[in-house]
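Here's the structure we're looking at; comments come further down.
Hydrogens, waters and symmetry mates are skipped; everything else that's a heavy atom, side chains included, is used. Since the structure is predicted, the reported quantities are computational estimates derived from the model, not experimental observations.
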Amino acid sequence: MPVLWVYGASGVGKTTVTWELFVQLVREGVPAGYVDIDQIGMCYAPPTPHHWAPEPVADPGRHRLKTRALDAVLANFRDAGARCVLVSGVTDPVRGVEASHVPHAALTTCRLRAEPAELRRRLAARAGATSDFAAELAYADALDRAGTTDLCLDTTGLTIAEVVAEVRARTGWPDPAVSVEAPSPTFPAPDPTPGRILWLCGPAAVGKSTVGWQVYQRLRVAGVNAAFVDLDQVGFFRPVPAGDPGNHRLKAANLAAVWRVFRSSGAECLVTVGPLDRAEEVPTYHAALPAARITLCRLHASPRVLADRVARRGRGLTPTRGLAGDELIGQSRERLHEVAARSARVLDALAGVGDLWVETDDRPADEIAAEILRRTGWPSRPR
């Protein structure tokens, strides 16, 4: 599978540039997938007195874990019909991208950078002028000093469109001579990996990501080696199949693939969040993970709250701001009203679906997370 991996320090524009290239290729008729490498590496041991997110001694930064997870999902993108996959995310500053851990990829790498003053300006604009950027700037400096042979583009003073054009010109990517022909969509056999999976579901703006992250962190504080997956983030493939408008077959296959990698790395359980529009979509996940025990938690919100949350997402006022693929940001008021109304209709259609139902109106996420853990019987206190 032809893979273009765009990497670099925070603030150089790797996610925005890679997503824009993904969108361009799809517009040009190229079936393509997209992966943010950080989104398939959320598998942390419980916090210690000295480290909130302790790293494995043999894999600081969990870069090899992420690369193995990437290799695991590539086959599913191929089977879905993708001719190429674009990847964005950080790498080890010394080793760079270790191609040996992605044997199923025909890999092209491209590093983005920016001058220190420009990088500091971008980070300040994104996080606030009083933030401490020492770690980000140190990582950027380490990449500059690594002296790898990867293609490197300086984005200082360039627009996103200019950077995208330069990436395409300098890499010649995707190369038609390398790209594989898209097969008829097929998917792998069911994955035999066992374990416990808690799936928080519902339509847009019901609170899945915010509450799910709180559940995940509470599990870790309770001493559980847990993992987290956002189904949207492992399901970016276009054009979306006509028979599967939610890309659920790909999401389920990739969830199984990533869970297999996490489980082999010591994860005891998995929290996943993702959209669900119809009850008929649930069996796809059970079929992909027949040996896992999936608990489906359906979140609910009133039309008033849905409308408010959708409007906030449209203005970029959510904790998930910065993730690729949120197509509500910058939308018109009319479009946001349509999305909120659709979410309300989906909630009505999902009545009775799932193992438990939880109301989210006017409640803090940590309170909702505590209720979910209590009702499912999952650990919520230190062992």
Does some side-chain heavy atom of [Y] sit less than 4.5 Å from a side-chain heavy atom of [X]?
X    : Y    : value
P2   : L4   : no
L198 : L270 : no
C297 : V358 : yes
Q214 : I368 : no
C84  : W173 : yes
R196 : W378 : yes
L299 : I372 : yes
R111 : L153 : no

Okay, side chain of [X], backbone of [Y]: is any donor-acceptor separation there less than 3.5 Å?
X    : Y    : result
E268 : A226 : no
K208 : G202 : yes
D38  : G89  : no
D232 : P275 : no
R298 : L356 : no
K66  : M42  : no
S343 : A204 : yes

State the [atom1]-[atom2] distance between [X] and [Y], to the nearest 0.5 angstrom.
X    : Y    : atom1 : atom2 : value
Y34  : L86  : OH    : CG    : 9.0 Å
I40  : N254 : CD1   : CG    : 8.5 Å
L200 : S209 : CG    : OG    : 9.5 Å
S100 : L107 : OG    : CG    : 10.5 Å
E281 : K251 : CD    : NZ    : 8.5 Å
R312 : I329 : CZ    : CD1   : 12.5 Å

- Tracing side-chain links under 4.5 Å among I, L, V, M, F, W and Y, which residues wind up in one group with V339?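 V310, L328, L336, all in the cluster of V339.
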- Query: Does V94 sit in a hydrophobic cluster with other residues, and if so which ones, taking ILVMFWY side chains as linked at heavy-atom separations under 4.5 Å, directly or through other members?
  - Reply: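 Reading the cluster by chain and number, V94 sits alone, since nothing else belongs.
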- Does one hydrophobic cluster hold both V73 and V90, with members joined at side-chain heavy-atom distances below 4.5 Å?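 Hydrophobic grouping puts V73 with V90.
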- Task: Spell out, yes or no, whether V305 and V273 are grouped together once hydrophobic residues are joined by side-chain heavy atoms under 4.5 Å, including indirect joins.
- Result: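 No, V305 and V273 fall in different hydrophobic clusters.
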For [X] versus [Y], what's the shortest heavy-atom pair and its separation?
X    : Y    : result
A344 : P303 : CB-CG, 4.3 Å
A140 : A9   : CB-CB, 3.6 Å
A287 : P190 : O-CB, 3.2 Å

- Item | Audit row: S10, L123, side chain to side chain contact (heavy atoms under 4.5 Å, CB included) steps and yes/no | CA-CA 8 Å; S10 296; L123 292 171; 4.0 Å; yes
Ignoring hydrogens and angles, write down the donor-acceptor pairs under 3.5 Å from the side chains of residues 19-29, residues two or more places apart or on other chains.
residue, atom, partner, partner atom, Å
Q24, OE1, R168, NH1, 3.1
E28, OE1, R168, NH2, 3.0
E28, OE2, R168, NH1, 2.8

- Task: Give the intermediate values and the outcome of salt bridge (charged side-chain N to carboxylate O under 4.0 Å, His left out) for residues R260 and D191.
- Result: CA-CA 8 Å; R260 182 171 65 250; D191 193 290; 2.2 Å; yes
- Message: Using the rule side chain to side chain contact (heavy atoms under 4.5 Å, CB included), only one of V229, V234, D230 pairs with Q39; which is it?
- Response: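 Considering V229, V234, D230, a side chain to side chain contact (heavy atoms under 4.5 Å, CB included) with Q39 is found only for D230.
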- Reference residue L306; test side chain to side chain contact (heavy atoms under 4.5 Å, CB included); the match among D361, V346, L347: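 Only one of D361, V346, L347 forms a side chain to side chain contact (heavy atoms under 4.5 Å, CB included) with L306, namely L347.
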Pairs touching [range] that satisfy side chain to side chain donor-acceptor pair (under 3.5 Å), sequence neighbours left out:
range            : answer
residues 152-164 : R113-D154, R122-T155, D154-T156, T159-E162
residues 53-62   : Y44-R62, E55-R62
residues 133-143 : D141-R145

- Query: salt bridge (Lys or Arg N to Asp or Glu O under 4.0 Å) with R304: which residues, sequence neighbours excluded?
  - Reply: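 For R304, the residues satisfying salt bridge (Lys or Arg N to Asp or Glu O under 4.0 Å) (neighbours in sequence not counted) are D362.
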- Task: Please step through side chain to side chain contact (heavy atoms under 4.5 Å, CB included) for the pair T18 and V87, ending with a clear verdict.
- Result: CA-CA 7 Å; T18 310; V87 179; over 6 Å; no
With no hydrogens and no angle check, just 3.5 Å: does a side-chain donor-acceptor pair link [X] and [Y]?
X    : Y    : value
R68  : S265 : yes
T109 : D150 : yes
D71  : H104 : yes

- Restricting to pairs with a member in residues 336-345, which pass salt bridge (charged side-chain N to carboxylate O under 4.0 Å, His left out), not counting sequence neighbours?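 Only D277-R342, R335-E338 qualify under salt bridge (charged side-chain N to carboxylate O under 4.0 Å, His left out).
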Among residues at least two apart in sequence or on other chains, which ones pass ring-ring contact (aromatic ring centres under 6.0 Å, His included) with [X]?
X    : result
H300 : W357
W199 : Y285
W52  : none
W213 : Y216, F228

- Task: Give the C-alpha distance, both sets of side-chain angles, the deciding distance and a yes or no for side chain to side chain contact (heavy atoms under 4.5 Å, CB included) between I197 and W259.
- Result: CA-CA 9 Å; I197 297 176; W259 172 235; 4.3 Å; yes
- Task: Under the side chain to side chain contact (heavy atoms under 4.5 Å, CB included) rule, what do L255 and T272 come out as? Steps first, then yes or no, please.
- Result: CA-CA 9 Å; L255 179 66; T272 188; 3.9 Å; yes
- Side-chain ion pair, E371 and R375, N-O less than 4.0 Å: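 Salt bridge flag = yes for R375 with E371.
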- Message: Checking T210 against R309 for the side-chain hydrogen bond (donor to acceptor under 3.5 Å, both in side chains) test, could you report, in this order, the C-alpha distance in whole Å, the side-chain angles of both residues, the deciding distance, and whether it holds?
- Response: CA-CA 12 Å; T210 303; R309 291 175 182 169; over 6 Å; no
- Using a cut-off of 6.0 Å, state whether more than 12 heavy atoms not belonging to R95 lie near its atom CZ.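 Enclosed: over 12 neighbouring heavy atoms sit under 6.0 Å from CZ of R95.
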